[in-house]
Q: 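Sharing a structure below in structure tokens format, with a few things to ask.
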Amino acid sequence: MKTKMLFALILPCLMIFNISLAQEEYNLWEGQPKPFYKENSIKEYEEEAWGVICVFNVTEPTLTVYKAEGQNSGKAVVILPGGGYTLESIYHEGHNLAKVLAKNGITAAVLKYRLPNPESSDQPHLVPLWDTRRALSLLREKSDIYGIHKENVGVMGFSAGSHLATVTSLWKSDIRDENPDFSALIYGVTNLNETNLQWIEESLYFRKLTPKEIDQNTLLELVTDETPPAFLAHAYDDEVCDVSESTLYAGELREYHVPVEMHLFPKGGHGFGMGRQEDGTDQWVQLFVSWLLRTEL
């Protein structure tokens with residue numbers, strides 16, 4: 001009886017210990033100043049939006065790493081949740097997916113990146129990019145801990161997070177470890193049409209773009225033969241990010257002989273996250289896993 005009682009007391013502790021081993025959260029800029037940061041009184045909070053729990057007012061970025069389980073592929077991905085640069089769908093397009101990827105031998109890290117805000121930054125449009133670059137570098141720094149091949153680290157983004165993943169892929173950093181080796185763009189944003197220009201001016205830059213910045217943000221014209229390989233998934237009936245955002249990018253990659261795999265679903269709308277069985281969008285996760293595991297980077 002005493003043995004059973006002791007086991008009953010120890011079991012919850014063991015479960016908590018195993019969970020802590022499965023994932024670890026890092027303060028992104030630990031021990032160094034956050035770039036473009038302004039002192040502020042903004043408070044982070046979580047609240048439901050679009051039917052899922054999202055995080056708002058992020059000023060303290062973190063990277064939560066889910067260690068690969070089973071046979072470690074040596075490949076890793078930084079996940080960038082979407083939310084229009086006004087919030088982050090941190091679970092629906094972040095942690096839920098990271099757990100599944102980890103079970104498939106892929107180290108998955110969810111980046112809670114700082115949201116652009118003139119109250120908390122003097123260069124709000126650069127804050128998400130700098131955080132993403134730091135996340136890639138940090139994951140490579142910890143490659144020995146997680147069994148990661150440093151040349152096999154990429155980015156995955158959803159919606160606005162996909163725009164961020166595209167920018168990270170095309171605005172190449174002079175520091176090698178800050179660049180992704182592949183990208184996965186899920187209902188992405190790649191085309192600087194009038195709607196997208198207005199969106200990034202209002203939600204990312206908080207001002208009109210200069211002619212030079214318009215050139216820098218005309219992302220489709222920045223694709224070269226050095227652009228990282230990409231995996232794309234989109235729904236034809238997406239009324240927020242038109243499917244052409246993916247087809248145009250795939251076309252540019254193909255023109256430069258960059259490996260690309262694209263999956264388009266008849267239905268699914270926008271923001272399907274890991275997908276739904278009823279419209280078939282749930283297929284994309286395993287399609288991505290298959291693509292990443294067999295793609296030479």
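These figures come from a predicted structure and were not determined experimentally.
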Q: Atom CD in Glu255, atom CG in Asp225: separation rounded to 0.5 Å?
A: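 So the gap between those two atoms works out to 11.0 Å.
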Q: Just wondering, do Asn104 and Val285 contact through their side chains at under 4.5 Å, heavy atoms?
A: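 When only atoms from C-beta onward are counted, Asn104 and Val285 do not touch, as no gap falls below 4.5 Å.
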Q: For the residue pair Pro116 and Phe206, what are the closest heavy atoms and their distance?
A: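 Nearest pair, atom of Pro116 first, then Phe206: O-CZ, 3.4 Å.
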Q: Hydrophobic clusters here meaning ILVMFWY residues chained together by side-chain heavy-atom distances under 4.5 Å, can you tell me if Trp130 and Tyr37 are in one?
A: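 No; Tyr37 is not reachable from Trp130 via cluster members.
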Q: Kindly give the heavy-atom pair with the smallest separation between Pro61 and Trp29, and that separation in Å.
A: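 For Pro61 and Trp29, the tightest heavy-atom pair comes out as CG-CD1, 3.6 Å.
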Q: Is the closest side-chain heavy-atom distance between Leu136 and Leu138 below 4.5 Å?
A: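 Answer no - side chains too far apart.
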Q: If we only count heavy atoms from C-beta on, is the Thr227 to Tyr249 side-chain gap below 4.5 Å?
A: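 Yes, at least one pair of side-chain atoms sits under 4.5 Å.
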Q: Apply salt bridge (Lys or Arg N to Asp or Glu O under 4.0 Å) to residues Lys38 and Asp122 and explain how you reach the verdict.
A: CA-CA 7 Å; Lys38 284 168 52 176; Asp122 55 10; over 6 Å; no
Q: How far does CG of Leu232 sit from CZ of Phe288, to the nearest 0.5 angstrom?
A: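 That separation rounds to 11.5 Å.
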Q: Indicate whether any N or O donor in one side chain lies under 3.5 Å from an N or O acceptor in the other, for Glu202 and Gln198.
A: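 Their side chains do contain a donor-acceptor pair, which is all the 3.5 Å distance test asks for.
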Q: With the threshold set at 4.0 Å, does a side-chain nitrogen-carboxylate oxygen contact exist between Arg134 and Glu30?
A: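 Glu30 and Arg134: not salt-bridged.
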Q: Do Glu213 and Arg207 meet the salt-bridge criterion of a basic N to acidic O distance under 4.0 Å?
A: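 Yes.
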Q: With no hydrogens and no angle check, just 3.5 Å: does a side-chain donor-acceptor pair link Glu245 and Asn196?
A: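 Note: Glu245 and Asn196 side chains meet the donor-acceptor criterion.
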Q: Between Asp237 and Lys267, does at least one N-O distance fall below 4.0 Å, as a salt bridge requires?
A: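 The answer is no: the pair does not qualify as a salt bridge.
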Q: Looking only at heavy atoms, what is the nearest atom pair of Val52 and Ser89, with distance?
A: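 Heavy atoms of Val52 and Ser89 come nearest at CG2-OG, 3.7 Å.
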Q: Return yes if a side-chain donor-acceptor contact under 3.5 Å exists between Glu93 and Tyr187, otherwise no.
A: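 Yes, because at least one side-chain N or O of Glu93 sits under 3.5 Å from a partner of the opposite role on Tyr187.
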Q: Side-chain contact, heavy-atom cut-off 4.5 Å: Ser173 with Asn179?
A: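 Yes; the side chains approach each other to less than 4.5 Å.
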Q: Given the rule that I, L, V, M, F, W and Y join up when any side-chain heavy atoms are under 4.5 Å apart, are Phe56 and Leu204 in one cluster?
A: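 Each belongs to a different hydrophobic cluster.
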Q: With heavy-atom distances below 4.5 Å as the criterion, would you say the side chains of Leu220 and Leu192 are in contact?
A: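 Result no, sub-4.5 Å side-chain heavy-atom pair not found.
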Q: Working to the nearest 0.5 Å, report the span between CG of Leu111 and OH of Tyr26.
A: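 So the gap between those two atoms works out to 14.0 Å.
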Q: So if you build clusters from Ile, Leu, Val, Met, Phe, Trp, Tyr with side-chain heavy-atom gaps below 4.5 Å, do Val110 and Leu87 land together?
A: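 Different clusters: Val110 never reaches Leu87 through Ile, Leu, Val, Met, Phe, Trp or Tyr contacts under 4.5 Å.
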Q: Specify the closest pair of heavy atoms between Gly84 and Ala160, including all atoms of both residues, with the distance to one decimal.
A: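 Here Gly84 and Ala160 meet closest at N-CB, 3.4 Å.
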Q: Are there more than 12 heavy atoms of other residues, nucleotides or ligands under 6.0 Å from atom CD of Glu221?
A: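 Not more than 12 within 6.0 Å, no.
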Q: Would Met274 end up clustered with Trp50 when hydrophobic side chains under 4.5 Å apart are linked, directly or stepwise?
A: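 Unlinked, Met274 and Trp50 end up in two clusters.
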Q: Minimum heavy-atom separation for Lys150 and Ser143, please, with both atom names.
A: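 For Lys150 and Ser143, the tightest heavy-atom pair comes out as CE-OG, 3.3 Å.
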Q: Test of understanding: clusters of I, L, V, M, F, W, Y form through side-chain heavy atoms closer than 4.5 Å, transitively. Do Leu115 and Ile53 belong to the same one?
A: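 Shared cluster, yes.
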Q: Using ring pair (Phe, Tyr, Trp, His ring centres under 6.0 Å), reason through Phe231 and His263 one step at a time and then give a plain yes or no.
A: CA-CA 8 Å; Phe231 174 95; His263 296 276; 5.5 Å; yes
Q: Test salt bridge (Lys or Arg N to Asp or Glu O under 4.0 Å) on Asp279 and Arg276 and set out the steps.
A: CA-CA 6 Å; Asp279 56 28; Arg276 297 176 292 265; 2.9 Å; yes
Q: Give a yes or no on this: more than 12 heavy atoms of other residues, nucleotides or ligands lie within 6.0 Å of atom CZ of Arg254.
A: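 Check fails, neighbour count at 12 or below.
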Q: I would like to know whether Glu46 and Tyr91 meet side-chain hydrogen bond (donor to acceptor under 3.5 Å, both in side chains); could you show each step before the answer?
A: CA-CA 11 Å; Glu46 291 187 356; Tyr91 302 102; 2.8 Å; yes
Q: How about Arg133 and Ser137: does a side-chain donor come under 3.5 Å of a side-chain acceptor?
A: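 Side chains of Arg133 and Ser137: no pair found under 3.5 Å.
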Q: In plain terms, say whether Glu226 and Lys172 are close enough for a salt bridge, that is, a side-chain N and a carboxylate O under 4.0 Å apart.
A: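 Judged by the 4.0 Å cut-off on N to carboxylate O distance, Glu226 and Lys172 do form a salt bridge.
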Q: Do the side chains of Asn96 and Val100 get nearer than 4.5 Å, heavy atoms only?
A: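 No. Closest side-chain heavy atoms not under 4.5 Å.
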Q: For a 4.5 angstrom cut-off between non-hydrogen side-chain atoms, does Asn217 reach Trp171?
A: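 The answer is yes, as the side chains (C-beta and beyond) meet within the 4.5 Å cut-off.
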Q: Is the shortest side-chain N to carboxylate O distance from Arg176 to Glu151 below 4.0 Å?
A: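 Here Arg176 does not pair with Glu151 in a salt bridge, since their nearest N and O are not under 4.0 Å apart.
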Q: Taking the side chain as every heavy atom from C-beta outward, state whether Phe265 and His234 have any atom pair closer than 4.5 Å.
A: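 No. Closest side-chain heavy atoms not under 4.5 Å.
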Q: Hey, are Ser159 and His270 close enough side-chain-wise for a donor-acceptor pair under 3.5 Å?
A: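 On atom types as modelled, these side chains qualify, holding a pair under 3.5 Å.
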Q: The criterion is ring-ring contact (aromatic ring centres under 6.0 Å, His included); which residues satisfy it with His163, sequence neighbours excluded?
A: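 Applying ring-ring contact (aromatic ring centres under 6.0 Å, His included) to His163 gives Tyr85, Trp199.
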Q: Please say which of Glu60, Glu44, His95 ends up in a side chain to side chain contact (heavy atoms under 4.5 Å, CB included) with Lys112.
A: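 Result for side chain to side chain contact (heavy atoms under 4.5 Å, CB included) with Lys112: Glu44.
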Q: Minimum heavy-atom separation for Leu219 to Val189, with atom names?
A: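 For Leu219 versus Val189, the nearest heavy atoms are CD1-O, 4.4 Å.
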Q: Enter the distance from Thr210:OG1 to Gln216:CD here, rounded to the nearest 0.5 Å.
A: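 Atom-to-atom, Thr210:OG1 and Gln216:CD are 7.0 Å apart.
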Q: Check the orientation of Trp291 and Phe182. Use parallel for under 30°, tilted for 30 to 60°, and perpendicular for over 60°.
A: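 Trp291 vs Phe182 ring planes: perpendicular.
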Q: Do you know which of Val153, Ile148, Val78, Leu101 makes side chain to side chain contact (heavy atoms under 4.5 Å, CB included) with Thr107?
A: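 It is Ile148, the one option of Val153, Ile148, Val78, Leu101 that forms the side chain to side chain contact (heavy atoms under 4.5 Å, CB included) with Thr107.
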Q: Does CD belonging to Gln277 count more than 12 external heavy atoms closer than 6.0 Å?
A: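 Atom CD in Gln277 is not crowded, with 12 or fewer foreign heavy atoms closer than 6.0 Å.
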